[in-house]
Amino acid sequence: MDLVIRNASLPDGRRQVDIAIDQGRIAALGPQLPLQGAREIDAEGDLVTPPFVDAHFHMDATLSIGLPRVNQSGTLLEGIALWGELKPTLTQEALVERALQYCDWAVARGLLAIRSHVDICDDRLLAVEALLEVRRRVAPYLDLQLVAFPQDGLLRSPSAFANLKRAVAMGVDVVGGIPHFERTMADGAASVRLLCEFAAGKGLRVDMHCDESDDPLSRHIETLASEAQRLGLQGRVAGSHLTSMHSMDNYYVSKLLPLIREAGVAAIANPLINITLQGRHDSYPKRRGMTRVPELIAAGVDVAFGHDCAMDPWYSLGSGDMLEVAHMGLHVAQMTGQDAMHQCFLAVTETPARILGLDGYGLAPGCHADLVLLDAGGTVEAIRLRAARRMVIRRGQVLSESPRAAARLALAGRPPSTNFRLMR
Ligand SMILES: [Zn+2]
């Protein structure tokens, strides 16, 4: 065996598990494996998880904070306006450089798969070319999936549909959309139909920015689900944001949730961004705006948490840490029950892996040996501590190592404290 990890805890609660890795894949997994590794790692009871997956990001905008100015109000609309000012000044080199830097951050935090939307409304398709180049360059260490995203509206922006088709022909993986940004509800629904038909014809997945609004009557998710059903796209369509669902009438939602479930449509909430951008027209009480995560999960819908933005026109914070995203999602959705907290961990690992259709993801013999060793004993503790990534492994190779977090109290007679971890 190339590598054996001893004495790991797994996200499903199994303890004292050994993981044997050979030729980039998990060869065996079980207690006290009688196998010798060329390298052996003692997990010391810590959690080993498949890597973090971000189902929703904007890599064409990331790390552009301050260009050409910062978002003073912190609102969505100033962010979109600012992005419009920035777009004409973008260069391919700068886009590639910033994206590669973000991917380095991601790897160090055990984030090894990202679905990024890329704006296709600039006729030069500069960002598309840049992110295709980034996808090629990071392929050995990070799976980057690209979504053709018509930021200015598919029907509202005259060249958007033609550009989206060009972007797909160039190799972009997924069809995007933004129905709530079209001029009318009817145009929004029409855009959903056009995009789903185009995706079905090409055999592609769909992931739309859908109903990112506090308007309870923004109901494009209904059209998206019914189109997914009509066109046989079950399991291949995601609705991103779905924030209007927060404000919808409860009776309507009770009818909507089974439709989403039957259509096999996944939901992607973006807690860091939803909690900061939604509810901005409210005085008090002020809505949180994030979609109905526990209710969607209870209805049998796959729900992932995405990072969405990091240091860009919409959000001045963020660091590629999906545990921070899970931590925020847990709080905003009030998912503090024991099972619910564990679900928040799955929302940044297994669930988005399923939404992206990642091949060979997981902790079973035959899966890729893509693993993260966390400085935590279980999934809830990992979220609580935003635990250090002791080791990040891809295809059996160690990509990144971090020391355990250790705070030593300088008080005489007190034992050293390691980030206040529970003794197991
Ligand atoms: Zn987004």
Side-chain angles (χ1 to χ4, degrees), residues 53-65 71 74-84 86-87 99 102 106 111 114-121 127-128 131 144-154 157 160 164 167 172-182 188 191-192 195 205-214 218 220-221 224 237-246 266-278 280 289-291 303-318 320 322 325 328-329 332 347-348 352 355-356:
V53 179
D54 183 0
H56 190 111
F57 195 64
H58 293 266
M59 207 173 276
D60 48 359
T62 195
L63 307 192
S64 66
I65 187 168
N71 184 334
T75 58
L76 174 62
L77 290 181
E78 186 175 342
I80 293 175
L82 217 170
W83 178 237
L86 174 59
K87 260 198 272 190
Y102 184 80
L111 170 54
I114 300 174
R115 174 183 276 183
S116 173
H117 295 253
V118 50
D119 187 353
I120 51 83
C121 287
V128 173
L131 290 195
L144 178 58
Q145 196 176 79
L146 299 176
V147 186
F149 173 46
Q151 169 82 69
D152 301 335
L154 185 83
S157 167
L164 185 141
V172 169
D173 311 276
V174 178
V175 175
I178 187 164
H180 57 279
F181 197 69
E182 306 292 348
S191 79
V192 171
L195 289 163
R205 289 173 188 269
V206 175
D207 185 344
M208 292 190 195
H209 285 66
C210 192
D211 304 322
E212 189 182 7
S213 156
D214 294 317
S218 187
H220 297 296
I221 179 59
L224 183 62
V237 175
S240 278
H241 292 295
L242 306 179
T243 52
S244 72
M245 203 186 294
H246 187 97
I268 301 168
N270 295 290
L272 296 171
I273 306 310
N274 300 151
I275 196 66
T276 46
L277 294 184
Q278 301 310 131
R280 285 291 182 118
M290 192 168 78
T291 195
V303 183
F305 288 144
H307 199 305
D308 201 359
C309 300
M311 301 187 75
D312 69 10
W314 296 275
Y315 189 58
S316 303
L317 297 98
M322 294 308 292
V325 173
M328 180 62 77
V332 176
V348 293
I355 294 171
L356 268 65

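One-based numbering, in listed order, for ligands and for the atoms of each.
- At least one N, O or S atom of H56, from either the backbone or the side chain, sits less than 2.8 Å from the Zn ion (ligand 1).
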task: Go through the steps for H307 and L272 under the test side chain to side chain contact (heavy atoms under 4.5 Å, CB included), then give the verdict.
output: CA-CA 7 Å; H307 199 305; L272 296 171; 3.9 Å; yes
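- Between H241 and the options H117, H56, H180, a ring pair (Phe, Tyr, Trp, His ring centres under 6.0 Å) holds for only H56.
- Note that CD1 of I178 is 9.0 Å distant from CG of D119, once rounded to the nearest 0.5 Å.
- Look at H241 and the Zn ion (ligand 1): no N/O/S atom of the residue is under 2.8 Å from the metal.
- Checking E212 against the Zn ion (ligand 1), every N/O/S atom stays at or beyond the 2.8 Å cut-off.
- Under the 3.5 Å distance criterion, the side-chain polar atoms of R205 are matched with a main-chain donor or acceptor of I355.
- Its N, O or S atom nearest to the Zn ion (ligand 1) is what matters here, and for D308 that atom is OD1.
- Aromatic ring centroids of H58 and F149 lie under 6.0 Å apart.
- Residue H209 counts as close to the Zn ion (ligand 1), with an N, O or S atom under 2.8 Å.
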